[in-house]
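This report refers to the structure that appears directly beneath it.
The structure displayed is predicted, hence computed values, not measured ones. Every chain is numbered from 1 and lettered A, B, ... according to where its sequence line falls, protein lines coming before strand lines. As a basis for the values below, the full set of heavy atoms in this structure was taken, side chains included, without hydrogen atoms, waters or symmetry mates.
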Amino acid sequence: MSEDSVRRSMPLFPMGIVQSLTDLSARQIRYYEQHKLVEPARSEGNRRLFSFNDVDRLLEIKSLIEKGVNMAGIKEMLKVEEKPANDAYDEKRVEEVHNELSEKELRRMLQQELFTAGSHGKLGIRQGELSRFFH
DNA sequence: CTTCTGACA
DNA sequence: TGTCAGTA
């Protein structure tokens with residue numbers, strides 16, 4: 001664990017700061033938290049305390065949102081870390097075996113396309129057309 | 001004054 | 001998503 005690692009995950013700024021830092025509304029930030037895209041710490045008074053990692057995460061989320069990606073898509077992209085051990089993987093295996101290779105490859109290509117184009121200009125993809133690739 | 005949760009003319 | 005309410 002590098003010292004930078006701890007500083008990056010240290011609970012520092014409240015909602016207001018994060019709002020101006022990300023240009024996201026408090027409503028949106030709380031909404032993304034509900035979907036476990038970020039998990040800020042809490043102060044004694046139940047106030048949210050975001051870390052640099054949280055802010056970075058929110059900025060990426062914002063980037064994806066601006067490209068028209070929805071919650072399902074964002075969760076796929078950021079790979080929300082989840083359950084330690086259960087049977088959720090069985091379903092994924094079933095799906096993989098059930099799906100054609102073309103669909104899986106297509107999804108991968110879309111991820112790359114979105115990420116690369118992500119740090120650049122805008123892409124002509126919209127929710128309706130894109131949502132089809134995420135379930 | 002700022003943030004939080006819950007709810008919806 | 002915005003926004004208003006009633007708190008902490």
(message) Could you tell me how far apart A:Arg47 (CZ) and C:dA8 (C1') are, to the nearest whole angstrom?
(response) 7 Å
(message) Tell me the interatomic distance from A:Glu66, atom CD, to C:dT1, atom C1', rounded to whole angstroms.
(response) 15 Å
(message) Under 3.5 Å for both donor-acceptor distances, Watson-Crick or wobble: does B:dC8 have a partner, and if so which one?
(response) C:dG2
(request) Classify the side chain of A:Arg48 and the base of B:dT3 as holding, or not holding, a donor-acceptor pair under 3.5 Å. (result) no
(message) Can you tell me if A:Arg30 touches the phosphate of B:dC4, counting only side-chain N or O atoms and a distance under 4.0 Å to OP1 or OP2?
(response) yes
(request) Please test A:Val18 against A:Ile29 for side-chain contact (heavy atoms from CB on, under 4.5 Å), starting from the C-alpha separation and ending with a verdict. (result) CA-CA 9 Å; A:Val18 179; A:Ile29 297 173; 3.8 Å; yes
(message) Closest approach to the side chain of A:Ser25, judged atom by atom: which nucleotide of C:dT1, B:dT3, C:dG2 is it?
(response) C:dG2
(message) Any side-chain N or O of A:Arg27 below 4.0 angstrom from OP1/OP2 of B:dG6?
(response) no
(request) Send over the distance from A:Glu44 CD to B:dC4 P, rounded to a whole Å. (result) 15 Å
(request) For A:Gly16, answer base if it contacts any base atom (sugar-phosphate contacts may also be present), sugar-phosphate if it contacts only those atoms, and nothing otherwise; contact means non-hydrogen atoms under 4.0 Å. (result) sugar-phosphate
(message) Using Watson-Crick or G-U wobble geometry with both distances under 3.5 Å, which nucleotide pairs with B:dC1?
(response) none
(request) Starting at atom OH of A:Tyr31, determine the distance to atom P of B:dG6, rounded to an integer number of angstrom. (result) 15 Å
